[in-house]
Amino acid sequence: MKRVFILLLLIFSVSLSGCGESSYLEKNTTKSVRSDAAEEEHKAETTSDEIYVQIEGAVEKPGVYRLPADSRVFSLIEKAGGLKKEAASSEINQAELLTDGQKLTVLTKKQLEAQKDSGSKSDNTSSEASDSGKVDINRADSSQLTTISGIGPSKAEAIIAYRQENGPFKKTEDITKVSGIGDATYQKIKDKITV
């Protein structure tokens with residue numbers, strides 16, 4: 001009887017220690033899952049998306065600035081110390097979303113008048129059309145995109161929608177990823193566009 005009692009006690013203690021091991025494993029697994037999640041959250045915080053944008057012209061502190069990826073022109077102007085008195089501020093779209101690598105030139109009122117007098121295109125934040133006359137497909141609005149032969153209003157809207165969903169084009173060939181623009185269209189327009 002004593003042996004049966006000892007045997008039962010031994011079986012009971014082994015089963016209890018097994019449960020203890022199970023609890024220990026569950027606790028460690030939970031800790032591991034929690035630490036992995038905390039590590040991922042920390043990585044997400046420390047590798048937040050940032051962009052670098054250059055601003056020049058009629059601002060207090062021209063230069064290259066690092067900003068959060070969803071920044072707008074007004075944030076860049078604030079970082080650059082604000083606009084100078086002579087800046088043609090009415091021509092700036094301060095709500096425009098910035099893109100990585102973008103360069104903005106803030107014109108003075110005199111420079112803007114000179115541009116208008118010479119009949120050239122006046123975009124105060126530089127750039128839907130470059131000096132070579134090419135249309136920047138990353139920044140052009142619908143009306144500017146439709147100046148490209150072969151791009152009508154629906155294709156222009158498709159280009160803008162693509163940019164909003166996928167970010168800026170990395171190279172001009174990427175325009176073929178837009179629905180309705182194939183290789184044939186790209187071959188016709190490639191010398192008229194830039195990024």
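What you are looking at is a predicted structure, and each value in this text was computed from that prediction instead of being measured. Position 1 is the first residue of the sequence; numbering continues from there.
- Residues R139 and E96 come closest through the heavy atom pair CD-OE2, 4.3 Å.
- A donor-acceptor pair under 3.5 Å links the side-chain atoms of D100 to the main chain of Y52, judged by distance alone.
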Enumerate, atom names and distances included, each donor-acceptor pair closer than 3.5 Å involving a side-chain atom of residues 70-85, sequence neighbours excluded.
from	atom 1	to	atom 2	distance (Å)
S71	OG	P68	O	2.7
R72	NH1	A95	O	2.9

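- Listed here is the closest heavy atom pair of I137 and I159: O-CG2, 4.1 Å.
- Residue P62 comes nearest to G57 through the heavy atom pair CG-O, 4.3 Å, listed as atom of the first residue, atom of the second, then distance.
- For the pair T99/N138, no side-chain contact is recorded, criterion being any heavy-atom separation below 4.5 Å from C-beta on.
- Between L107 and A58, the shortest heavy-atom distance links the atoms O-CB, 4.2 Å.
- Under the 4.5 Å side-chain criterion, counting only non-hydrogen atoms from C-beta, I181 is in contact with I151.
- For residues 146-168, the side chain to side chain donor-acceptor pair (under 3.5 Å) pairs, not counting sequence neighbours, are S142-E157.
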Just distance, no hydrogens or angles: give the donor-acceptor pairs under 3.5 Å from side chains in residues 168-176, sequence neighbours left out.
from	atom 1	to	atom 2	distance (Å)
T172	OG1	Y186	OH	3.0
E173	OE2	Y186	OH	3.1
D174	OD2	K170	N	3.2
D174	OD2	K171	N	3.3
T176	OG1	E173	O	2.8

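- Not a single donor-acceptor pair under 3.5 Å links the side chain of Q187 to the backbone N or O of A184.
- Taking all atoms of both residues into account, the shortest heavy-atom contact from E56 to T105 is OE2-OG1, 3.1 Å.
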